[in-house]
K.L.:
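Below are the structure tokens for one structure; questions will follow.
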Amino acid sequence: MASSKYNASKATIKLAEGLFSKVNIDAFYGDDIKGETSFSIYYNSVYQGELKTFIEIDKRPPASPELTSSAQGDFSREAVTLKLSAEEDAQIYYEIQTTKEQDEDSFTLALTNELNLNPIENKETFYYVKAYTIDKAGNKSDISSYSIVIDSYNYFVNANVNTDSEKANGSKEYPFNSLEAVIPYLNRKTPMRIQIEGTVSLPNKPVLIKADCEITGGKDARIIAEENSLLTILDTKIVIDNCILEKHLAKANSDTNVQTCFIELDNSSANIKNTELIAYFETTGTLIEVNKSTLTVQNSGITVQSSSYANAISAFDSELRLDGNRITSTANTAINFSIHEGFTELKNNTCSVIANLGRIAEFSNTTADISNNKFYSKLSDEKSISPIWQDDNTSIRLYRGNIEE
């Protein structure tokens, strides 16, 4: 072979001149060659004719894939859809990591143009997605990347931080400034944890909780409930830990004189620990009403005060377990516990009533275990009243180690 010519885009380029037994045609990285090539063929120095062939060499890498997210910014409360797009006929390979420090790459061929990044229950999740494309020639693109934090569980409320309202999303970096912002999430039926710092207020209206919820206090966590605030926990589970919940003076309805309540527990389960519950009512009031539910209170304080009637806990057909608490009721008529049906366990509590007429507990058709408690009463009525009253259908299975003063 004496010489070869390459014809591309109607321009003829002489590639080489001389006699060769073999010719290699290649391109630099980032370039491509496509066109017709002709070779002059010689055998024993005798010209044999022209040999034409078409060549195509592609070393131009494809563009990196585009990653388009359904979320705004780098934080989301919901599942995120990530759309993958690339040049025509290019294949996309992707990898999903939950940390940037992952050592080995493990890319997978994308069989669809969408990736679903889902929240993980009870956990903040960091997603780091990497992707590249490979074209028909086998060229590999640069890597595109995308990262986001998805957290449908943790909500931060910090009254001590002035977060820009446009940036506030309840994350640790951009916490909410009030509980009002959290309320829309309380009925989504997905578990959540609310972490509170500083003094925040409940709205001055009833608040319904239907999501499994944990309320945890940080520095000086105090929740103030206004006079019309009512916290209703319905068909769910709740944990309250290391908080102060205080209800301001609540006025009873002057027409019907119904009792006012602070917390309602209906067909639910509540675990209250290391917490102070305080409620003030103008005439009558019950701090916690429990209906067909389970209530556990540990190492906490319960204080209720009113002018006419004050009850710390009223329960119907429920299971109550109180251990290591302080319970105080103050009113003209005061009681710590009014229990109808169900089971109650009281142990290691200090229970007090300050009243004209009062008792520690009244049991109706109830089973109870009562041990190692201290019962104190300051009654202006000089009549001797037993701290515990029970009807004929009540069974107090255990009563020992209690101190009555």
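The figures that follow rest on heavy atoms only: side chains count, while hydrogens, waters and symmetry mates do not. Keep in mind the model is a prediction, meaning the values are calculated, not measured.
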K.L.:
Distance from Ser352 atom OG to Ile360 atom CD1, nearest 0.5 Å?
P.N.:
6.5 Å

K.L.:
Describe, in one word, how the ring planes of Phe375 and Tyr399 are oriented to each other, choosing from parallel (under 30°), tilted (30 to 60°) and perpendicular (over 60°).
P.N.:
tilted

K.L.:
Above 12 or not: heavy atoms from other molecules or residues under 6.0 Å from CG of Asn187?
P.N.:
yes

K.L.:
Check for a donor-acceptor pair, side chain of Ser293 on one end and backbone N or O of Asn267 on the other, with a separation under 3.5 Å.
P.N.:
yes

K.L.:
Is a side-chain donor-acceptor pair under 3.5 Å present for Thr232 with Glu264?
P.N.:
yes

K.L.:
Indicate yes or no: at least one non-hydrogen side-chain atom of Leu245 is less than 4.5 angstrom from one of Phe262.
P.N.:
yes

K.L.:
Check Ala63 against Ser141 and note the closest heavy-atom contact, atom names and distance.
P.N.:
O-CB, 3.6 Å

K.L.:
Determine the minimum heavy-atom distance between Leu179 and Ile194, stating which atoms define it.
P.N.:
CD2-CG2, 4.3 Å

K.L.:
Check whether Ser268 reaches the backbone of Lys237 with its side chain - one donor and one acceptor, N or O, closer than 3.5 Å.
P.N.:
no

K.L.:
Do Thr236 and Asp212 have a side chain donor and acceptor closer than 3.5 Å?
P.N.:
yes

K.L.:
Is the CG atom of Asn162 crowded by more than 12 outside heavy atoms at less than 6.0 Å?
P.N.:
no

K.L.:
Any donor and acceptor pair, going by atom type alone, linking the side chain of Tyr127 with main-chain N or O of Tyr146 inside 3.5 Å?
P.N.:
no

K.L.:
Do the non-hydrogen side-chain atoms of Phe363 and Thr344 ever get within less than 4.5 Å of each other?
P.N.:
yes

K.L.:
Would one find more than 12 heavy atoms of other residues, nucleotides or ligands at under 6.0 Å from atom CG of Asn372?
P.N.:
yes

K.L.:
With distance as the sole test, does Glu319 use its side chain to make a donor-acceptor pair with the main-chain N or O of Thr294 at under 3.5 Å?
P.N.:
no

K.L.:
Is a side-chain N or O of Lys247 found less than 3.5 angstrom from the main chain of Glu227, in a donor-acceptor match?
P.N.:
yes

K.L.:
Ignoring hydrogens, what is the shortest heavy-atom contact between Asn242 and Gly217? Give both atom names and the distance.
P.N.:
ND2-O, 3.0 Å

K.L.:
Within the distance-only criterion (no hydrogens, no angle test), does the side chain of Asn158 pair as donor or acceptor with the backbone N or O of Gly198 below 3.5 angstrom?
P.N.:
no

K.L.:
Of the non-hydrogen atoms in Ile240 and Thr275, which two are nearest, and what is the gap between them?
P.N.:
O-OG1, 3.6 Å

K.L.:
Compute whether any side-chain donor of one residue and acceptor of the other, for Asn274 and Asp241, lie under 3.5 angstrom apart.
P.N.:
yes

K.L.:
State, with a plain yes or no, whether a side-chain heavy atom of Leu115 is found less than 4.5 Å away from one of Leu67.
P.N.:
no

K.L.:
State whether the side chain of Asn204 and the backbone N or O of Asn228 hold a donor-acceptor pair below 3.5 Å, judged by distance alone.
P.N.:
yes

K.L.:
Does either side chain, that of Asp142 or that of Ser64, offer a donor lying less than 3.5 Å from an acceptor on the other one?
P.N.:
no

K.L.:
Between Trp389 and Thr394, does a side-chain contact (heavy atoms from CB on, under 4.5 Å) hold up when you go through it step by step?
P.N.:
CA-CA 10 Å; Trp389 178 87; Thr394 292; over 6 Å; no

K.L.:
Please name all residues satisfying salt bridge (Lys or Arg N to Asp or Glu O under 4.0 Å) with Glu246, sequence neighbours left out, ordered by chain then number.
P.N.:
Arg222

K.L.:
For the residue pair Ala79 and Ser70, what are the closest heavy atoms and their distance?
P.N.:
O-OG, 4.4 Å

K.L.:
Go through the steps to decide whether Gln305 and Thr303 satisfy the test side-chain contact (heavy atoms from CB on, under 4.5 Å), and finish with yes or no.
P.N.:
CA-CA 7 Å; Gln305 182 175 325; Thr303 303; 5.6 Å; no

K.L.:
Whether the side chain of Thr296 engages the backbone of Asn271 through a donor-acceptor N/O pair (distance < 3.5 Å, no angle test) should be reported.
P.N.:
no

K.L.:
For Ala168 and Pro175, work out which heavy atoms get closest and say how close.
P.N.:
CB-O, 3.8 Å

K.L.:
Under the 3.5 angstrom rule, does the side chain of Asn169 hit a backbone N or O of Phe75 as a donor-acceptor pair?
P.N.:
no

K.L.:
Considering residues at least two apart in sequence or located in another chain, which fulfil the ring pair (Phe, Tyr, Trp, His ring centres under 6.0 Å) criterion with Tyr93?
P.N.:
Tyr132

K.L.:
Does a side-chain heavy-atom distance below 4.5 Å link Thr216 with Arg193?
P.N.:
yes

K.L.:
Is a donor from one side chain sitting under 3.5 angstrom from an acceptor on the other, for Thr112 and Glu114?
P.N.:
no

K.L.:
Please round to the nearest 0.5 Å and tell me the distance separating atom OG of Ser377 and atom CD of Glu405.
P.N.:
9.0 Å

K.L.:
For the CG atom of Leu82 and the CD atom of Glu66, what is their distance to the nearest 0.5 Å?
P.N.:
11.5 Å

K.L.:
I'd like to check Phe107 versus Lys130 (side-chain heavy atoms, cut-off strictly below 4.5 Å). Are they in contact?
P.N.:
yes

K.L.:
Determine, step by step, whether Leu231 and Ile209 satisfy the side-chain contact (heavy atoms from CB on, under 4.5 Å) criterion, reporting the C-alpha distance in whole Å, the side-chain angles of both residues, the deciding distance to 0.1 Å, and the verdict.
P.N.:
CA-CA 8 Å; Leu231 193 60; Ile209 297 178; 3.8 Å; yes

K.L.:
Measuring only between side-chain heavy atoms, which start at C-beta, is Ile302 closer than 4.5 Å to Asn325?
P.N.:
no

K.L.:
Kindly state each residue pair satisfying salt bridge (Lys or Arg N to Asp or Glu O under 4.0 Å) with at least one member in residues 333-362, sequence neighbours excluded.
P.N.:
Arg321-Glu345, Arg359-Glu362

K.L.:
As an exercise, state the distance from CG of Leu398 to CG of Leu346, rounded to the nearest 0.5 Å.
P.N.:
10.5 Å

K.L.:
Evaluate the side-chain proximity of Ile238 to Glu214: yes if any heavy-atom separation is below 4.5 Å, no if none is.
P.N.:
no

K.L.:
Can you run down the side chain to side chain donor-acceptor pair (under 3.5 Å) pairs that involve residues 79-91, sequence neighbours left out, and say none if there aren't any?
P.N.:
none

K.L.:
Any donor and acceptor pair, going by atom type alone, linking the side chain of Asp317 with main-chain N or O of Gly342 inside 3.5 Å?
P.N.:
no

K.L.:
Answer whether the closest heavy-atom distance between the side chains of Tyr94 and Thr108 falls below 4.5 Å.
P.N.:
yes

K.L.:
Which salt bridge (Lys or Arg N to Asp or Glu O under 4.0 Å) pairs, counting each pair once, include a residue from residues 390-402, with sequence neighbours left out?
P.N.:
Asp369-Arg397

K.L.:
With side-chain contact (heavy atoms from CB on, under 4.5 Å) as the criterion, how do Leu186 and Met192 come out once you've worked through the C-alpha distance, each side chain's angles and the decisive distance to 0.1 Å?
P.N.:
CA-CA 8 Å; Leu186 291 174; Met192 60 187 298; 3.7 Å; yes

K.L.:
According to ring pair (Phe, Tyr, Trp, His ring centres under 6.0 Å), who are the partners of Tyr376, at least two apart in sequence or on a separate chain?
P.N.:
none

K.L.:
Which residue in the set Leu277, Val239, Asn299, Ile215 passes side chain to side chain contact (heavy atoms under 4.5 Å, CB included) when paired with Ile272?
P.N.:
Leu277

